[in-house]
Amino acid sequence: MITLTGKSVFGGIAIGPLVFYKRNEITIKRNRIEDTEQEIRRFTDARDQAVSQLKALYEKALEDVGESNAMIFEIHQMMLEDLDYQESVVNIITTQGVNAEYAIGTTADNFAAMFAAMDDAYMQGRAADVKDVSERLLQILSDNGGEGMKLTEPAIIAADDLVPSETVQLDKDNVLSFITMFGSANSHTAILARTMNIPAVIGLGEALKPEYDGRQAVVDGLEGVVYIDPDAATLAKMRSKQAEELAKKALLEELKGKENVTKSGQKIHIYANIGNLGDVGSVLKNDAGGIGLFRSEFLYLESETFPTEEQQFSVYKTVAENMAGKRVIIRTLDIGADKQVGYFGLAQEENPALGYRAIRICLKQPEIFKTQLRALYRASAYGQIAIMFPMIISVEEVRRIKDIVREVKEELREEGFAFREDLELGIMIETPAAVMVSRDLAKEVDFFSVGTNDLTQYTLAIDRQNQKLDDFYDAHHPAVLGMIRMAAESAHAEGKWIGICGELAADLSLTEVFLDMKIDELSVAPSMVLPLRKKVRESL
């Protein structure tokens, strides 16, 4: 038995034959051509055929994985129709008197190198795309058709890496799993694997060898491990694990696609909380209606310096695309208190929970805030992003935020960036002060989201990090629940919606209390989405 370890992209257990993705390998030769006009026609005919294929792929992906994920094939069409790309190919054919294949290959190498050298993470990602579309042209010119490998039986697909068109063209009914030597968790293929609910492990490196083709394999997408020729004990263990996963899935599967509605007909949204990009697969797997809290501070906590606009844009865009039009509420950075980051240079404080943190840092250091807002607004062009601001205590703070938002939008307009003008802006209700002025705050924003962890801490004057006070910490305290009810009444009085994203949202003993308050949305850990749906549907 051979054991390979990589990085999980999507969980689940797959057992079956290992099949290496077979490409029609093309050797590009430089041939002298006398009739360059005829060669240019070969190129334009292949380009037109490729565009037709990409349109068909877009329609297939639209049905399989949703509009946001299908957009990659529109991007590929745009690349083929890009004048700079076309002029480069035609110019090489004309000036050097060479064949179309050589001109396309040279153009692909030049453009890919140019994209890879850019500082913009999004443009760097286009290097693989220009290679992909160029490979499609070369396949068409070689009479291989560019249609990809066909599967005749269920199999685990292995490859060095897979481009989106290769993934989408595969018959997904026969794909048990994807495993690759390289690739990233942010790649289009990883997004598609998560969206298609297919177990996937990437980053197996050179240990994943073509000679394993045809051998029995097990993919443990939960742990990021692949077993080649598993021994009897491992196979039995994995079959048992697979049965357990299927049993759990079957129990809750009945609730997937069903409404979050009580017996009396009251509806509520159930969203998921996530801490990083890797959690998105769990959101989709558990059928959440959206993301109610994306803790953006992980970008800062995992970095050795301030994350750039491009780094943030890439992450926010990927999440928006993954969620395929569902609402994604991203909380602006909530650094401070128990979340310290060295390069922020925050001074030591007597009471950090009451100190320089969250929105206070953003308003005091607007250059950090504007970088994040620019990334968020740019990413809004790729999905239904909403922005939520933490630790608000006054109307004045909200107005200062909105002034900065207006500056950011004006800058992006002048620079020609696309973004959604009607982005929802909300605030977290985490302080008694915010509750007491919630009616005025509701006039200024589009929604509230109650952070019950901090609201309980500040209402009860208890440090939730102090274990000695656990006996006094009562999240069900009437004062806490009264605060939530007051915020809900204020939001609804101004025609705004309110959600809860703190730990209490997942407390099934309070679900009926929140329904009675007419809370509009509950956001919980992905694993709690279906149990919460079950509780809602059982409620009167």
Minimum heavy-atom distance between [X] and [Y], given as atom pair plus value:
| X | Y | value |
| --- | --- | --- |
| Ala108 | Lys131 | O-CE, 4.4 Å |
| Glu538 | Lys263 | O-CE, 3.6 Å |
| Tyr85 | Ser134 | OH-OG, 2.7 Å |
| Ala159 | Tyr21 | CB-CB, 4.0 Å |
| Asn99 | Ile93 | O-CG1, 4.4 Å |
| Ala14 | Ser177 | CB-CB, 3.6 Å |

Decide, yes or no, whether a salt bridge links [X] with [Y] under the criterion of side-chain N to carboxylate O below 4.0 Å.
| X | Y | value |
| --- | --- | --- |
| Asp520 | Lys267 | no |
| Glu101 | Arg42 | yes |
| Glu310 | Lys317 | no |

Does [atom1] in [X] sit with more than 12 non-hydrogen atoms of other residues, nucleotides or ligands closer than 6.0 Å?
| X | atom1 | result |
| --- | --- | --- |
| Lys326 | NZ | yes |
| Glu211 | CD | yes |
| Met78 | CE | no |
| Lys241 | NZ | yes |

Report the residues that fulfil side chain to side chain donor-acceptor pair (under 3.5 Å) with Tyr271, sequence neighbours left out, ordered by chain and then residue number.
-> Arg327
Between atom [atom1] of [X] and atom [atom2] of [Y], what is the distance when rounded to the nearest 0.5 Å?
| X | Y | atom1 | atom2 | result |
| --- | --- | --- | --- | --- |
| Arg239 | Ile15 | CZ | CD1 | 4.5 Å |
| Leu423 | Gln384 | CG | CD | 9.5 Å |
| Leu54 | Ile75 | CG | CD1 | 11.5 Å |
| Leu510 | Leu504 | CG | CG | 6.0 Å |
| Phe178 | Asp161 | CZ | CG | 11.0 Å |
| Gln242 | Asp220 | CD | CG | 10.5 Å |

Please confirm whether the backbone N or O of [Y] pairs with a side-chain atom of [X], one donor and one acceptor, at under 3.5 Å?
| X | Y | result |
| --- | --- | --- |
| Ser8 | Glu223 | no |
| Ser380 | Tyr377 | yes |
| Gln372 | Leu333 | yes |
| Gln86 | Glu81 | yes |
| Gln266 | Leu515 | yes |
| Asn286 | Ala288 | no |
| Arg537 | Leu255 | no |
| Asp213 | Phe20 | yes |

Evaluate the side-chain proximity of [Y] to [X]: yes if any heavy-atom separation is below 4.5 Å, no if none is.
| X | Y | answer |
| --- | --- | --- |
| Thr332 | Ile387 | yes |
| Asp334 | Arg295 | no |
| Val98 | Ile33 | no |
| Asp84 | Ser88 | no |
| Thr318 | Val315 | no |
| Asn91 | Thr107 | no |
| Val283 | Met323 | yes |
| Phe447 | Met388 | yes |

Please identify each residue that fulfils salt bridge (Lys or Arg N to Asp or Glu O under 4.0 Å) with Glu245, with sequence neighbours left out.
-> Lys285
Could you walk me through whether Leu540 and Thr262 pass the side chain to side chain contact (heavy atoms under 4.5 Å, CB included) test, one step at a time?
-> CA-CA 6 Å; Leu540 295 175; Thr262 66; over 6 Å; no
Going by distance alone, is a donor N or O of one side chain under 3.5 Å from an acceptor N or O of the other, for [X] and [Y]?
| X | Y | value |
| --- | --- | --- |
| Ser523 | Asn273 | yes |
| Asp129 | His76 | yes |
| Gln38 | Arg41 | yes |
| Ser282 | Asp279 | no |
| Tyr102 | Glu39 | no |

Are Arg331 and Glu297 close enough, and set up right, to give a side chain to side chain contact (heavy atoms under 4.5 Å, CB included), and what steps lead you there?
-> CA-CA 8 Å; Arg331 179 175 70 190; Glu297 55 267 17; 2.5 Å; yes
Would you mind telling me which of Thr5, Thr180, Val226 makes a side-chain contact (heavy atoms from CB on, under 4.5 Å) with Leu204?
-> Val226
Ile157: which of Leu18, Leu176, Ile179, Leu151 passes side-chain contact (heavy atoms from CB on, under 4.5 Å) | Leu151
Derivation of the side chain to side chain contact (heavy atoms under 4.5 Å, CB included) call for Leu293 and Ile329 = CA-CA 5 Å; Leu293 169 61; Ile329 302 174; over 6 Å; no
What about Phe73 and Tyr58, are their ring centers closer than 6.0 Å?
-> no
Apply side chain to side chain contact (heavy atoms under 4.5 Å, CB included) to Leu299 and Tyr316, showing your working.
-> CA-CA 10 Å; Leu299 285 165; Tyr316 304 147; 3.4 Å; yes
Among Arg533, Lys535, His269, Lys534, find the one that has a side-chain hydrogen bond (donor to acceptor under 3.5 Å, both in side chains) with Asn260.
-> Arg533
